[in-house]
Protein chains: 2
Amino acid sequence: MGIAERKARQRAELREQILRVARDIVVKEGFPALSMRKLADAVEYAPATLYLHFENREAIAKELCVRGFQDLLAMLEPAAQVEDPLERLPKLAEAYIRFGLEHPETYRLIFMEDPKLSTALFGDSPEGAGPRSFGVLVQVFVDLLAAGRLEEGTKPEQFAEVLWAGVHGIVALKLTCSGFPGSPAEELTQVLVSTLVKGLPGLKAEQTPTKAR
Amino acid sequence: MGIAERKARQRAELREQILRVARDIVVKEGFPALSMRKLADAVEYAPATLYLHFENREAIAKELCVRGFQDLLAMLEPAAQVEDPLERLPKLAEAYIRFGLEHPETYRLIFMEDPKLSTALFGDSPEGAGPRSFGVLVQVFVDLLAAGRLEEGTKPEQFAEVLWAGVHGIVALKLTCSGFPGSPAEELTQVLVSTLVKGLPGLKAEQTPTKAR
DNA sequence: GGCGTTTATGAACGGTGTTCACAAACCACT
DNA sequence: AGTGGTTTGTGAACACCGTTCATAAACGCC
């Protein structure tokens, strides 16, 4: 049945091309500038054809979200493999904000555009990409706990959530409030991480190595 | 010239009514649902009439931004007047996130919708509402510095920026990523503030009173 | 060659922000 | 009271938008 396979492959290829072009537009001009007509024009099909491959504009956005999030995860990967959790933490934070600043439109799409989009990553699935990458952050504090450098009885998830909120806040402000946080993002991240780490309950301070680059 | 005054007053009144109705729509259905036609319908004028009072839709949004920000400032006011900076800090943070969660659409409009909007608050003017409310946060750390509870040579603005990023991150995640940060916002704020305070460089720990509600 | 399915499209519907020529209302001045 | 100029209001239009649907073309199979 080589013929059916070819048709399936061609279909998948067109779908892929649509997504590729859509991504280009989003990256270059932002998600609001992604219109079905412009997209159809760019792939040289009629607008109605897009609806043979995606339910609607939002479905395209969701797919772009998922892929963008995978890119974010990939950027976190190297930092996630550092052994010492106290070294790992600043590296993770730095990689996160670097992704946000280097791919502003992608970051906006994932975290700041439509609540429905991020729901695709965090909401429904029990083990989607969202919770998985969150696990990377939690692991830091689990490791700290295991190493006896974090007070027993504290919840690692909570510290992970606070840290995520912190780095997200830095990126979000930088992306929207033009020039509000006067200090550069790297500096803020460094201050955030070092201060948070130093303030963790029960940390046996062994000269906290909190350099962030 | 009582007649000219009356005309000016009527003009201002209509402008005000437009803004009032626009605010209602935004609060109830979100900023994207605010269309010029719907707004014109609600104030019982033709759409074109709106353009006699505002340059365009964005001008209306900007005005709503400014007023929303004033509301935020008003909510911060009581907390800002607490004498002890170590007590003031958690109260400010709590008031901030409370505003964000109680007026989600207003908060979105101000900080998460269009970069151009927040620019009206932070960008151009040297002493707009943005920097002024930021000053409230800076003051906390200035006071801490003056009281000798913060290491000399550290920059109060930077800590204020980090704190703002932290609370903004908490609110922003809560507003977009449905149910991502599992912990309630109040808990996260408490952890954020207490951990940050404890981690401040050179704080002469006098039994940090970091209760947040 | 004829038939059924998949793929593609043009045209339309109802919506958006915005502009502009035109009309009505209004006030001031003769 | 009438006339002229300014302000205020509007209907219609333009160029977009997402989406749907009947129609048509292309394609593989018998």
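Numbered from 1 within each chain, the chains take letters A, B, ... in sequence-line order. Only a predicted model underlies this, so the values are computations on that prediction, with no experimental measurement involved. Computed over heavy atoms, backbone and side chain alike; hydrogens, waters and symmetry mates excluded.
Rounded to whole angstrom, the span from the CG atom of B:Asn56 across to the P atom of C:dT16 amounts to 17 Å. Counting to the nearest Å, the P atom of D:dG11 and the CG atom of B:Asp41 are 11 Å from each other. Straight-line distance from the CG atom of A:Leu14 to the P atom of C:dT7: 10 Å, rounded to whole Å. The interatomic distance linking B:Arg6 (CZ) with C:dC27 (P) rounds to 5 Å, in whole Å. Atom CD in B:Glu5 sits roughly 19 Å away from atom P in C:dC26 (whole-Å rounding). Rounded to whole Å, atom P of D:dG9 lies 11 Å from atom CD of B:Gln17. Put simply, CD on B:Gln10 is 15 Å from P on C:dA25, counting in whole angstrom units. Atom NZ in B:Lys38 sits about 16 Å away from atom P in C:dT18, given to the nearest Å.
B:Glu58 has a carboxylate O that lies under 4.0 Å from a charged side-chain N of B:Lys62, or vice versa, which qualifies the two as a salt bridge. A salt bridge links A:Glu29 with A:Lys38; the closest basic N to acidic carboxylate O contact falls under 4.0 Å. Between A:Arg20 and A:Glu16 there is no salt bridge, since none of the side-chain N atoms of the basic residue sits less than 4.0 Å from a carboxylate O of the acidic one.
Side-chain atoms of B:Leu52 lie closest to D:dT8 of the nucleotides C:dA8, D:dT8, C:dG17. Each of C:dT9, D:dT19, D:dT7 was ranked by its minimum atom distance to the side chain of A:Met36; first place goes to D:dT19. For A:Arg57, taking side-chain heavy atoms from C-beta onward, the closest of the listed nucleotides C:dT18, C:dA8, D:dT19 is D:dT19. When the nucleotides C:dG10, D:dT19, D:dT7 are ranked by their closest atom to the side chain of B:Lys7, D:dT7 comes out on top.
Residue contacts shown for A:Tyr45 are limited to sugar-phosphate atoms, with no base heavy atom under 4.0 Å away. As judged by a 4.0 angstrom heavy-atom cut-off over every strand, B:Arg11 is placed among residues touching the sugar-phosphate backbone only. Backbone-only engagement by B:Ser35 is indicated by non-hydrogen atom pairs under 4.0 Å involving sugar-phosphate atoms exclusively. Using a 4.0 Å heavy-atom distance criterion, A:Leu34 is classed as a sugar-phosphate-only contact.
When each of A:Arg37 and A:Glu44 is assigned the nucleotide of DNA chain C bearing its nearest heavy atom, the one mapping closer to the 5' terminus is A:Glu44.
A side chain to side chain contact (heavy atoms under 4.5 Å, CB included) with A:Leu196 holds for exactly one of B:Val162, B:Val191, B:Thr195; it is B:Thr195.
With ring centers used as reference points, B:Phe99 lies under 6.0 Å from B:His103.
For the pair B:His53 and D:dT8, the criterion of a side-chain N or O lying under 4.0 Å from OP1 or OP2 is not met. Dashed line: the shortest gap from a side-chain N or O of A:Thr49 to OP1 or OP2 of C:dT7 is not under 4.0 Å.
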